[in-house]
Amino acid sequence: MAEVLVYVDHVDGAVRKPTLELLTLARRIGEPVAVALGAGAENTAAVLAEHGAVKVLTADAPEFAEYLVVPKVDALQAAHEAVSPAAVLVPSSAEGKEIAARLAVRIGSGIITDAVDLEAGDEGPVATQSAFAASFTTKSRVSKGTPVITVKPNSAAVEAAPAAGAVEALAVTFGALATGTKVTSRTPRESTGRPELTEAAIVVSGGRGVNGAENFSIIEALADSLGAAVGASRAAVDAGWYPHTNQVGQTGKSVSPQLYVAAGISGAIQHRAGMQTSKTIVAVNKDAEAPIFELVDYGVVGDLFEVVPQLTEEIKARKG
């Protein structure tokens, strides 16, 4: 069976969930070979093997931490030359998409971004994407070279599938461009204790109907009762009620959780573009004609200030 390269997104050896999802998808089209780079790369092997990696290629060098993107592209190119894979899978983050695009140019291959599913095809992997603000679902495949595919978080359930996970050192030669952009400082992201928005299995978002920054505590309380991330519509962000980093939509972040709860959000097309691929959508809005109700699996016509706190208390009661 052909091998499939999987780029590992990790922090000092702690593997992030989107990578484990990629391993699940990779097993559909071949044998996953993980590529882990930077500090702690070797510490990823046990988790990667548990989720199906037959081999783990590791490399560590100061360049991975001190310079942007290009050293990682150099390493993935070296892995591609060593393995000759059937495909290269990369998490669909901002950095992941830049790495994938640069790699595709280097190896002369086609690229597919923001896939939400992946299956084996007679002429190579077939990726499913949502297009035109999720109004259409498309299936496509790369027709030239080794397919380079970025996959959105929450596109597949994480499945354990123990494999050998043999660790091998990856020899990397850095090109002249590798040191072109230097990282001068880093600021740790302030932790809220909640899941990362784009990776969360459940997202609770508030919109214009929340009617003020002070009222977002209602949204946060529901999110915390569900173990969810907190999102916001563009209207709420533009009004200064919630940080831009939490905006869901065409000009914000795209999410695809198992459950998306929209409270006080009308459902404008730019917001729908960022959450329409969610598996189950629930909306609370006092306007029965709000466009969001055309999209939902479950809708509640009512005042969010009455409905959301009751929902939070019911969840807490069932948990308790």
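Counting from 1, the numbers follow the sequence of the chain as shown.
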Peer 1: Answer yes or no: is there a donor N or O on one side and an acceptor on the other, between the side chain of Ser256 and the main chain of Thr277, under 3.5 Å?
Peer 2: yes

Peer 1: Heavy atoms, side chains only, cut-off 4.5 Å: are Arg141 and Pro147 in contact?
Peer 2: no

Peer 1: Is Val70 linked to Val90 within one hydrophobic cluster, defined over Ile, Leu, Val, Met, Phe, Trp and Tyr using a side-chain heavy-atom separation of less than 4.5 Å?
Peer 2: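 The answer is no; the residues belong to distinct hydrophobic clusters.
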
Peer 1: Any chance the side chains of Glu21 and Ser155 put a donor and an acceptor closer than 3.5 Å?
Peer 2: no

Peer 1: Would you mind reporting whether Pro291 and Arg272 have side-chain heavy atoms less than 4.5 Å apart?
Peer 2: yes

Peer 1: In the structure I gave you, are the side-chain heavy atoms of Phe174 and Thr179 within less than 4.5 Å of one another anywhere?
Peer 2: no

Peer 1: Has Lys286 got more than 12 heavy atoms of other residues, nucleotides or ligands less than 6.0 Å from its NZ?
Peer 2: no

Peer 1: Using a distance-only test with no angle check, is there a side-chain donor-acceptor pair under 3.5 angstrom linking Ser92 and Asp114?
Peer 2: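 Result is yes, a qualifying pair exists.
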
Peer 1: Under a 4.0 Å threshold between the charged nitrogen and the carboxylate oxygen, would Glu196 count as salt-bridged to Lys253?
Peer 2: yes

Peer 1: Does any part of the side chain of Arg194, heavy atoms only, come nearer than 4.5 Å to the side chain of Glu220, both counted from C-beta?
Peer 2: yes

Peer 1: Examine distances only and state if a side-chain atom of Thr19 and a backbone atom of Val8 form a donor-acceptor pair shorter than 3.5 Å.
Peer 2: no

Peer 1: For the atom pair CG (Leu76) and CG (Leu170), what is the distance rounded to the nearest 0.5 Å?
Peer 2: 8.5 Å

Peer 1: Classify the ring geometry of Phe216 against Tyr242: parallel below 30°, tilted from 30° to 60°, perpendicular beyond 60°.
Peer 2: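 It falls in the parallel class, under 30°.
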
Peer 1: Salt bridge or not for Glu119 and Lys139, using N-O below 4.0 Å?
Peer 2: yes

Peer 1: If I take atom NE2 from residue His51 and atom CG from residue Leu20, how far apart are they, to the nearest 0.5 angstrom?
Peer 2: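 Interatomic distance, His51 NE2 to Leu20 CG, rounded to 0.5 Å: 4.5 Å.
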
Peer 1: Grouping I, L, V, M, F, W and Y whenever their side-chain heavy atoms are under 4.5 Å apart, do Met275 and Val237 come out in a common cluster?
Peer 2: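 No, Met275 and Val237 fall in different hydrophobic clusters.
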
Peer 1: For side chain to side chain contact (heavy atoms under 4.5 Å, CB included), just list the numbers for Phe293 and Asp287, CA-CA rounded to whole Å, side-chain angles, deciding distance to a tenth of an Å, and then say yes or no.
Peer 2: CA-CA 9 Å; Phe293 287 123; Asp287 180 8; 5.9 Å; no

Peer 1: Could you go step by step and tell me if Val261 and Val308 meet the side chain to side chain contact (heavy atoms under 4.5 Å, CB included) rule?
Peer 2: CA-CA 10 Å; Val261 181; Val308 173; over 6 Å; no

Peer 1: Identify whether Leu68 and Val172 are in the same connected component of the hydrophobic contact network (ILVMFWY, side-chain heavy atoms under 4.5 Å).
Peer 2: yes

Peer 1: Could you state the interatomic distance from CD (Gln270) to OG (Ser233), rounded to the nearest 0.5 Å?
Peer 2: 8.0 Å

Peer 1: Counting only N and O atoms by type, is there a donor-acceptor contact under 3.5 Å from the side chain of Asn285 to the main-chain atoms of Gly264?
Peer 2: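 Pair absent, no side-chain N/O of Asn285 close to backbone of Gly264.
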
Peer 1: From Leu311 CG over to Lys316 NZ, what is the distance, rounded to the nearest 0.5 angstrom?
Peer 2: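 Here the rounded value is 11.0 Å.
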
Peer 1: Please check if atom NZ in Lys319 has more than 12 non-hydrogen atoms from other residues, nucleotides or ligands closer than 6.0 Å.
Peer 2: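 Yes.
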
Peer 1: Please check if atom CZ in Arg208 has more than 12 non-hydrogen atoms from other residues, nucleotides or ligands closer than 6.0 Å.
Peer 2: no

Peer 1: CG of Asp297 to CD1 of Ile281: how many Å apart, nearest 0.5 Å?
Peer 2: 6.0 Å

Peer 1: Is there a donor-acceptor pair closer than 3.5 Å between any side-chain N or O of Gln77 and the backbone N or O of Ile107?
Peer 2: no

Peer 1: Using a strict 4.0 Å threshold on nitrogen-to-oxygen distance, state whether Arg28 and Asp117 make a salt bridge.
Peer 2: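 Between Asp117 and Arg28 there is a salt bridge, with a charged N closer than 4.0 Å to a carboxylate O.
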
Peer 1: Using atom types as modelled and distance alone, determine if a side-chain donor or acceptor of Gln258 lies under 3.5 Å from a backbone N or O of Lys279.
Peer 2: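 The answer is no, because no donor-acceptor pair under 3.5 Å joins these two groups.
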
Peer 1: Please answer whether the main-chain N or O of Val248 pairs with a side-chain N or O of His271 as donor and acceptor at a distance below 3.5 Å.
Peer 2: yes

Peer 1: Do we see a donor-acceptor contact under 3.5 Å between the side chains of His244 and Gln247?
Peer 2: yes

Peer 1: Please answer: with hydrophobic residues joined when any side-chain heavy atoms are less than 4.5 Å apart, are Leu118 and Val126 in the same cluster?
Peer 2: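 Each belongs to a different hydrophobic cluster.
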
Peer 1: Look at atom CD of Glu289 and say whether more than 12 heavy atoms of other residues, nucleotides or ligands are closer to it than 6.0 Å.
Peer 2: no

Peer 1: For the backbone of Lys97 and the side chain of Thr150, can you confirm whether one donor and one acceptor N or O come within less than 3.5 Å of each other?
Peer 2: no

Peer 1: Given the rule that I, L, V, M, F, W and Y join up when any side-chain heavy atoms are under 4.5 Å apart, are Val54 and Leu25 in one cluster?
Peer 2: no

Peer 1: Can you check whether Gly40's main-chain N or O pairs, donor with acceptor, with Asp12's side chain at less than 3.5 Å?
Peer 2: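 It does not hold such a pair.
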
Peer 1: Taking side chain as C-beta onward, heavy atoms only, is His80 less than 4.5 Å from Arg106?
Peer 2: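 Contact flag for His80/Arg106 side chains = no.
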
Peer 1: Quick check: do Lys17 and Pro153 have side-chain heavy atoms less than 4.5 Å from each other?
Peer 2: no

